[in-house]
Amino acid sequence: MMTFDQDTIQALLNLPDLAIDRLVLGERKTLRIDVHRTLEGTQCHRCGKPIHHADGLGHEIELRHLPRLEYRVLLI
């Protein structure tokens, strides 16, 4: 049985610009992972100007190909 601690999940995700806020084990083998970005600034994909603030929350993403996990993983 796999333990779902933040360090293990962070290693499996292999996304260096995300930090895990919360892990929730749900019904029907669903693992919900709430994350936030740690990247300092980026550029607008439309105009190219620097962005230094958040403009809202992103959409839920379902990850289907995480090795060694037998759970449906939702990245929020």
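Since the structure is predicted, the reported quantities are computational estimates derived from the model, not experimental observations.
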Those residues that, when tested against R46, pass salt bridge (charged side-chain N to carboxylate O under 4.0 Å, His left out) (two or more places apart): none
Within one Ile-Leu-Val-Met-Phe-Trp-Tyr cluster: V24 and L12, side-chain cutoff 4.5 Å: no
Smallest separation among heavy atoms of P16 and T38, with atom names: O-OG1, 3.8 Å
Distance-minimising heavy-atom pair for I33 and L13: CD1-CD1, 4.4 Å
Side chain to side chain donor-acceptor pair (under 3.5 Å) against R37, all qualifying residues, sequence neighbours excluded: none
Contacts of D34 that satisfy side chain to side chain donor-acceptor pair (under 3.5 Å) - sequence neighbours left out: R22, R32
Qualifying side chain to side chain donor-acceptor pair (under 3.5 Å) pairs, either residue in residues 9-20, two or more places apart: none
L31 and I9, any side-chain heavy atoms less than 4.5 Å apart: yes
